[in-house]
Structure formats: structure tokens, C-alpha cells
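These numbers come from the heavy atoms of this one structure, side chains and all, not from hydrogens, waters or symmetry mates. Atoms within a ligand are numbered from 1 in the order they appear, just like the ligands themselves. Computed from a predicted structure; not experimentally measured.
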Amino acid sequence: MIGKCLFPVAGYGTRFLPATKSMPKEMLPIVNKPLVQYGVEEAIEAGMVNCALVTGRGKRAIADHFDISFELEHQIAGSSKELYLEGIRDVIEQGVFTMVRQRAMLGLGHAILSGEPLIGEQPFGVVLSDDLCLNQNGPGVLSQMAALYREFQCSIVAVQEVPMEEIDKYGVVAGVAERPGLTRVSRMVEKPPKEEAPSNLAVIGRYILTPDIFDIIRDTPPGRNGEVQLTDALQVQASAGRVLAYQFDGLRFDCGSVPGFVEATQYVYENYYGRA
Ligand code: UTP
């Protein structure tokens, strides 16, 4: 059973400036719920109730969101408006929230290493909450991956097929089919030009990682863009046959980009808003 999930939420969110100048990107709402809450709900559904947030400067709103707002609670107690707080109250009750700061934005690999004191020596989930994953009629993506972990006991990355024109925005995997929708990864490349991409299978923001990843990241030199890349560390595990790429059931919206954010907003409004 995987009980912990790491949320790297330290990024600057430059693609959403000026909205993200003083507000964390992860607090942008899809309809009436901030992105990070969708991710936390997905983790809790998967049994990962210990949510470890890797934050940075200017991200206090995220910590406050997962805490009681006493004045607000007091103000609306007993009124019909209490209904609006039900969802987040459930999340606060079920989840345990811990935080650590990433002191410098040195990349996703570095953000994950910064979370090591909150995770320790156990397998853990990772959610990049700007990727919104929804599976309306079945288990969430992290739940699907947790079930796979029970079977295979190795790192798992969620992947989806993307058009080759967009492949240079992603980590890309290649390997051998384990069974339909599941690939035993042998190669991982971060943001390759289209001509060098080993496949059209792009890694999205859901992972299950085994704890040896921390030592591997420690030994990983900065890669593309001078950042410590998680993809480079995963390549070490992949070379030993210890990474699976999973084509999940459900939809994923790239809410770190404006078009993906707008698409997600429309989808959630039409399919979830106002429903019990
Ligand atoms: P992105 O590549 O989306 O970067 O990071 P960003 O800064 O958030 O957004 P843009 O590109 O400037 O618009 C992917 C994820 O990794 C986290 C981000 O918070 C995001 O969830 N991250 C990235 C960190 O926590 N620390 C880092 O040093 C880099």
C-alpha cells in the first residue's frame, strides 16, 4: 500500500503571467476548485492520504488552502453557503499535509529530492497538479497506477500518445510491450526534437517512484536547461528494467498551458459542475 504522495508545486508558472505573479499556478481554479485540490483528491482516492507539498516562495496560499479558515467557517456556519465548503472540508479531514521548501528552482528532479525528508524509505506517488487527470466513470489515474505497483513493485510513469508536432514538450519513453497499454521502458529522453523522439509516448504528471530514486537523483548532474531532470534519473532505473510506462484510462488536460486550461474548464463545467 502506498500511503504518501509528493506534490512539486514550486514552479514559477511563467506561462500564466501575470496571473501567477503573486498567486501560485496551482491555485488557479478549474471552475470553482483549485488545480492542486483536484490532484490531492486523486491521491486520497488512491489511498495516499499523506500529501507532501514541495513549495517555494510565494506559495503560502497552497498551505492555507489545506488548513481550516477559522474566520470564514465561523462567518458562514449554519448558512446555506456551508455547502460550498463540504469538498475541501472532507479533503482536510482525510489528508495529512506536510510541506518543505525547494530553495532554488533547479528542476523537477531537484524538487523531488527536496521532498525526501517528507517521504523517507518507501514508494510514493507524484502528482504534477498542472496536469489535470479525470476518469469520470472509473478509478482515478493514481489509483490505477497504485494497483499496478502492487503487481510489479517498480517505478511507473503515466504516458499518453501525443502528436509528433508536440513531442518536444515532453519526456518520451521507448521499450517493450509488457501487455497492451503497458511498456517496460528501456529508454527515456527529455524533450527530444521530433526527429530524435524514440516514440510518441509522452510522460505526463503522474508517477509512482521507488525510494532508490533519491540516491539516483543525488548523483544526476544537471541536464537539459541546466535543470536536474527526473527523466535522467528514471533512465538509470529504466536501464535496469525497473520502470513501466502505463497508458491510463481517462483524460488529461495540460493546465499549465492556456489552451489546456480553457479546455479543462469547459469539460469540468459541462461534466462535473453542479452534480453531486
Ligand atoms: P513546469 O515545467 O510546468 O514549470 O514544471 P513551471 O515553472 O511550473 O511553469 P512554466 O513552464 O514556467 O509556465 C512542472 C512541474 O514541476 C514543478 C512545477 O511546479 C510543476 O508542477 N517544479 C518544476 C518544481 O516544483 N520545481 C522546479 O524547480 C521545477
Side-chain angles (χ1 to χ4, degrees), residues 5-30 34-40 42-43 51-63 65-66 97-119 124-133 141-142 157-160 162 166-172 188-192 202-207 209 213-214 217-218 220-234 252-262 264:
C5 189
L6 195 67
F7 293 80
V9 292
Y12 291 124
T14 49
R15 283 169 292 170
F16 267 93
L17 283 170
T20 47
K21 187 162 170 266
S22 65
M23 182 182 78
K25 162 170 87 170
E26 298 77 11
M27 288 303 292
L28 289 171
I30 299 295
L35 271 170
V36 64
Q37 189 180 333
Y38 287 91
V40 165
E42 189 185 325
C51 297
L53 305 168
V54 178
T55 71
R57 283 179 293 279
K59 299 276 182 170
R60 280 178 65 170
I62 300 176
H65 187 70
F66 295 106
F97 297 90
T98 54
M99 277 132 229
V100 68
R101 278 198 183 196
Q102 184 187 12
R103 271 170 290 179
M105 296 316 121
L106 299 177
L108 180 58
H110 180 264
I112 286 177
L113 188 56
S114 305
E116 184 184 18
L118 305 179
I119 299 292
F124 59 102
V126 176
V127 167
L128 306 186
S129 40
D130 42 1
D131 268 341
L132 174 63
C133 291
V141 175
L142 265 191
V157 298
V159 292
Q160 70 175 172
V162 301
E166 293 172 22
I167 202 78
D168 60 354
K169 291 197 257 162
Y170 295 91
V172 183
M188 298 190 70
V189 195
E190 184 63 21
K191 301 189 173 71
V203 179
I204 63 115
R206 298 291 182 277
Y207 308 80
L209 301 175
I213 198 76
F214 293 125
I217 297 173
R218 248 186 291 280
T220 302
R224 192 169 278 267
N225 300 333
E227 296 185 336
V228 179
Q229 298 289 352
L230 177 61
T231 306
D232 295 342
L234 279 168
R252 168 254 175 190
F253 299 92
D254 173 14
C255 296
S257 76
V258 172
F261 182 88
V262 172

For Leu53 and Ile62, the nearest pair of non-hydrogen atoms, with its separation, is CD1-CG2, 4.0 Å
Atom 21 (O) of ligand 1 [closest protein heavy-atom partner, distance rounded to 0.1 Å]: Pro8 O, 3.1 Å
So which heavy atom in the protein is nearest atom 16 (O) of ligand 1, and how far is it from that ligand atom? Leu108 CD1, 3.7 Å
Heavy atom under 4.0 Å from ligand 1: found in Asp130's side chain, backbone, both, or neither? side chain
Identify the two heavy atoms, one from Ile167 and one from Ala202, that lie closest to each other, and give their separation to 0.1 Å. CD1-CB, 4.5 Å
Number the atoms of ligand 1 from 1 as they appear, then name those within less than 4.0 Å of a heavy atom of Val9, with their elements. 19 (O), 25 (O)
Among protein heavy atoms, which lies nearest atom 19 (O) of ligand 1, and at what distance? Gly11 N, 2.9 Å
Nearest non-hydrogen protein atom, atom 28 (O) of ligand 1: Gly107 N, 2.9 Å
Which of the ligand 1 atoms, numbered from 1, are nearer than 4.0 Å to a heavy atom of Glu26: 19 (O)
List the closest protein heavy-atom neighbour of atom 9 (O) of ligand 1: residue, atom name, distance to the nearest 0.1 Å. Lys25 NZ, 3.1 Å
Could you tell me which atoms of ligand 1, counted from 1 in the order shown, lie closer than 4.0 angstrom to a heavy atom of Ala111? 24 (C), 25 (O), 26 (N)
Work out which heavy atom in Pro192 is nearest to a heavy atom in Tyr170; give both atom names and the distance. CD-O, 3.5 Å
Could you go through the side-chain contact (heavy atoms from CB on, under 4.5 Å) check for Thr55 and Arg101 one step at a time? CA-CA 5 Å; Thr55 71; Arg101 278 198 183 196; 3.6 Å; yes
Just do the side-chain contact (heavy atoms from CB on, under 4.5 Å) check on Glu26 and Lys59 with the steps written out, would you? CA-CA 9 Å; Glu26 298 77 11; Lys59 299 276 182 170; 2.9 Å; yes
Could any protein non-hydrogen atom be found less than 4.0 Å from atom 5 (O) of ligand 1? no
With a 4.0 Å cut-off on heavy atoms, is Gly256 touching ligand 1? no
From CA spacing to verdict: side-chain contact (heavy atoms from CB on, under 4.5 Å), Leu128, Leu108: CA-CA 10 Å; Leu128 306 186; Leu108 180 58; 3.7 Å; yes
Give the residue and atom name of whichever protein heavy atom lies nearest to atom 25 (O) of ligand 1, and the separation in Å to one decimal. Ala10 N, 3.0 Å
Kindly check if the number of other-residue, nucleotide or ligand heavy atoms within 6.0 Å of CZ (Arg103) is above 12? no
Can you name the nearest heavy-atom pair linking Tyr207 to Leu230, along with the distance? CE2-CD2, 3.6 Å
Would you mind checking which non-hydrogen protein atom is closest to atom 12 (O) of ligand 1, with the distance to 0.1 Å? Thr14 OG1, 2.5 Å
Check: Phe124 ring centre within less than 6.0 Å of Phe214 ring centre: yes
If you apply the rule side-chain contact (heavy atoms from CB on, under 4.5 Å), what do you find for Asp254 with Asp131, and how did you get there? CA-CA 5 Å; Asp254 173 14; Asp131 268 341; 4.2 Å; yes
If you take the nearest heavy atom of each of Gln102, Gln229, Lys59, which one is closest to atom 24 (C) of ligand 1? Gln102
Going by the order shown, which atoms of ligand 1 are within less than 4.0 Å of some heavy atom of Arg15? 3 (O), 9 (O), 10 (P), 11 (O), 13 (O)
Among all protein non-hydrogen atoms, which one is nearest to atom 7 (O) of ligand 1, and what is the separation to 0.1 Å? Tyr12 N, 2.9 Å
